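Step one of this worksheet: look at the structure below.
Computed from a prediction, not measured in an experiment: that's the story for all the values here. Proteins get letters first, then strands, A, B, ... in listed order; numbering begins at 1 in each.
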Protein chains: 2
Amino acid sequence: MQDIADEAGINKALLHYYFRSKEKLFELIFFEVFDVVIPQLKATVSTDQLVAEKIKAFVSTYIDVIQANPHVPIFILHELSQGADRFVEKLKQRQVLPEMAQFMLQLMSEMEAGKVKSFQPLHLFMNIISMCAFPFVAKPLLQAVSGLSEEDWTVLMDERKEEVTRFILSAIKK
Amino acid sequence: MQDIADEAGINKALLHYYFRSKEKLFELIFFEVFDVVIPQLKATVSTDQLVAEKIKAFVSTYIDVIQANPHVPIFILHELSQGADRFVEKLKQRQVLPEMAQFMLQLMSEMEAGKVKSFQPLHLFMNIISMCAFPFVAKPLLQAVSGLSEEDWTVLMDERKEEVTRFILSAIKK
DNA sequence: GTCTATAGCTGGATAGAC
DNA sequence: GTCTATCCAGCTATAGAC
């Protein structure tokens, strides 16, 4: 709260005057970002395209939005460490679970039809999310061991959109 | 410290008597686990096998050790959030960076020789680590949205060893 | 609205009796 | 070694003057 007050050029008391509590401020900012990110991601899977195309769009968008809000993954992990229930509640409110289920069903039907190689949908889903999100969570570590500058990192993550897509599509291609 | 003292059936004062400071206690426990995990992982890539075989062994071992110590990823992320330098220092002491570099070189030479499909080694490396580690970090979330019980989760992660290996090898197969 | 001062609590760490 | 009591720092939050 002190850091935020400093940044805003005010003092802690005034910060509390505006937002009542730290919790309230946190929720406000968190879901402000959340409600920008979620619709963008939902849009990538709410089309009539094949899964291959959807995956491509999803990965690219996912990495884009995280790059624009690099603190979000840490925020979410912080939330999760204090119990996932509240977070899941918000996901349900935003109707993202049905969209996910729908995508999984399409995945299964394309596997059934032999359009893509068979993998367990839940694992494939975890694979996609993991490859997109994890590097940002582990950024300090990756940057330290690889010696990449901030500019190098940006370039690497830009490359990553295409590289991860290529990797996934290569894996599921028959 | 209070929770640990309670768990141990003593009080905070005695805890400080034994370990001097919270920092010291943390480091002791952290590197106790760390020094069990790292040698096991190093062993999987310190053989004369092809990368495909090494990846298979690495993924299986990685998921096994995390399952045996499910709190470790959170621990590491906590460490990272307070600056990666100290953590990287320990990695250097344990000689894991040369082993990693060696593996990357082998990867490049096999790609060059056409034994596996070409991907940027760093991205491929991030893909492997991400798919192994991230699900454990996001466990509360994944469990909540999928409604899996603790037993279901264990089964899922057991499956995952084979499923991730199959996925990676399918992706890099020519 | 905006500030200073301070209440009230928590958590790490130490002093000192036993 | 093990305890109680206590110090000290830091943080959230509020009171009250302006």
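- Closest approach to the A:Leu14 side chain among C:dT2, D:dT12, D:dC3 is made by C:dT2 (side chain taken as heavy atoms from C-beta onward).
- If you check C:dC3, C:dA13, D:dT12 against the side chain of A:Ile10, the one that comes closest is C:dC3.
- Using modelled atom types and a 3.5 Å distance limit, the side chains of A:Asp152 and A:Ser149 yield a donor-acceptor pair.
- Between the CG atom of B:Leu15 and the P atom of D:dT4 there is a distance of 15 Å, given to the nearest Å.
- In this structure, the CD atom of B:Gln2 is 13 Å from the C1' atom of C:dA13, given to the nearest Å.
- Residues B:Lys42 and B:Gln95 bring no donor and acceptor atom of their side chains to less than 3.5 Å of each other.
- Going from atom NZ of A:Lys22 over to atom P of C:dT10 covers 15 Å, rounded to whole Å.
- Side-chain N/O atoms of B:Asn11 include one lying less than 4.0 angstrom from OP1 or OP2 on D:dT4.
- The side chain of B:Ala13 approaches C:dA15 more closely than any other nucleotide in the set C:dA15, C:dC3, C:dA13.
- Distance B:Leu25 CG to C:dG12 P: 10 Å, rounded to the nearest Å.
- In this structure, CZ of B:Phe19 is placed 14 Å from P of C:dG12, rounded to the nearest angstrom.
- Between the P atom of D:dT14 and the OH atom of A:Tyr18 lies a distance of 17 Å, rounded to the nearest Å.
- In this structure, the side chain of A:Ser60 does not engage the main chain of A:Ala57 through any donor-acceptor pair within 3.5 Å.
- In this structure, of D:dC3, D:dT2, D:dT12, it is D:dT12 that holds the atom nearest to the side chain of A:Met1.
- In the set C:dG12, D:dC3, C:dT2, C:dG12 carries the atom at the smallest distance from any side-chain atom of B:Lys12.
- By the 30° and 60° cut-offs, the orientation of the rings of B:Phe26 relative to B:Phe30 is parallel.
- Distance, A:Lys24 NZ to D:dT14 P: 11 Å, rounded to whole Å.
- Look at CD1 on B:Ile4: it is 16 Å from C1' on C:dT10, rounded to the nearest Å.
- Between A:Gln102 and A:Gln106, the side chains place no donor N or O within less than 3.5 Å of an acceptor N or O (distance only, hydrogens not considered).
- Residue B:His16 places none of its side-chain N or O atoms closer than 4.0 Å to OP1 or OP2 of C:dG12.
- Proximity note for A:Tyr17 (side chain, C-beta onward) versus C:dG12, C:dC3, C:dT2: the nearest is C:dT2.
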